[in-house]
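Nothing here was measured: the structure is a model prediction, and the numbers come from that model.
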Amino acid sequence: MNSELTFKQGLIDTLPTVFGYIGIGIAFGMIGHSAGFSVGLIFLLSAIVYAGSAQFIMITMLATHSPILSIMLSVFLVNSRMILMSMTTASFFKEERLLKNIVLGTLLTDESFALGMNKRNYTAGKLSFSWFNAANLIAYTIWALASVMGALLGHLLTDPRKLGLGFAVIAMFIGLMYLQLISDKTLGRALQLLMIGITFILFYLGLIFIPENLLVLVVTLVACALGVGVKRVFF
């Protein structure tokens with residue numbers, strides 16, 4: 001990464017995350033195919049709903065003929081974390097028009113958010129619409145294409161989990177977290193490692209007591225609150 005915030009640089013900076021989108025997108029397309037959905041419908045789900053992990057839940061619930069309101073609520077809860085991410089992202093674009101903020105918020109993903117937060121370490125805390133829009137657009141395009149590819153290849157593999165494609169996303173986030181650790185000079189390394197450990201513990205305990213569709217949102221809120229407290233008291 002460097003300090004450039006152009007559209008072209010946004011495409012370049014996003015390329016390392018593409019493999020994560022490809023892996024999980026193909027897995028989604030294969031699972032959708034095995035559930036009996038057409039290639040066209042799988043493409044529309046990725047192009048219109050564009051909800052990542054929530055699409056796997058949607059596919060399952062549609063296949064079992066769950067009530068539409070239940071499906072809508074489940075997808076909303078799983079993706080409710082995007083409200084927090086969008087609010088954080090919007091703080092960097094206060095001077096931009098509302099329409100541009102809506103465009104960025106609509107196509108925002110976990111990966112582009114993490115990439116953006118890492119990018120600001122190289123740009124004195126600044127982000128541009130062109131750069132962020134490029135990151136979002138390449139993610140959106142690759143996700144849709146990978147879903148279609150998975151649907152087309154679905155008949156070749158009855159159990160897509162055998163490929164281990166889901167780990168591509170985990171590996172990508174580990175890489176992004178590492179880049180954040182080595183590039184963020186505003187926080188001490190001890191504080192960063194401590195909060196990573198606290199977050200892991202919260203997730204582990206949360207899996208016992210909190211429904212999975214609320215876990216990310218709850219842990220995010222609690223970890224943020226604890227992080228502010230820990231920084232003010234001990235750092």
In Å, rounded to the nearest 0.5 Å, how long is the span from [atom1] of [X] to [atom2] of [Y]?
X: F92; Y: R120; atom1: CZ; atom2: CZ; answer: 5.0 Å
X: F129; Y: R97; atom1: CZ; atom2: CZ; answer: 8.5 Å
X: L127; Y: L104; atom1: CG; atom2: CG; answer: 9.5 Å

- Pairs where residues 12-37 contributes a residue and the test salt bridge (charged side-chain N to carboxylate O under 4.0 Å, His left out) is met, not counting sequence neighbours: D13-K119

- Message: Could you check whether S130 and S128, counting side-chain N and O atoms only, form a donor-acceptor pair closer than 3.5 Å?
- Response: no

Looking at [X] and [Y], what are the two nearest heavy atoms and their distance?
X: N2; Y: Y122; result: O-CB, 3.6 Å
X: A35; Y: A63; result: CB-CB, 4.3 Å
X: A54; Y: N79; result: CB-OD1, 3.7 Å

Is [X] reaching over with its side chain to a backbone N or O of [Y], donor-acceptor style, under 3.5 angstrom?
X: S91; Y: T88; answer: yes
X: Q9; Y: L5; answer: no
X: S86; Y: I83; answer: no
X: S147; Y: S46; answer: no
X: T89; Y: M85; answer: yes
X: Y50; Y: Y140; answer: yes

- Item | Over 12 foreign heavy atoms within 6.0 Å of CZ, F43 |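 Open: at most 12 neighbouring heavy atoms sit under 6.0 Å from CZ of F43.
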
- Item | Shared hydrophobic cluster for L44 and L152 (ILVMFWY, side-chain gaps under 4.5 Å) | yes

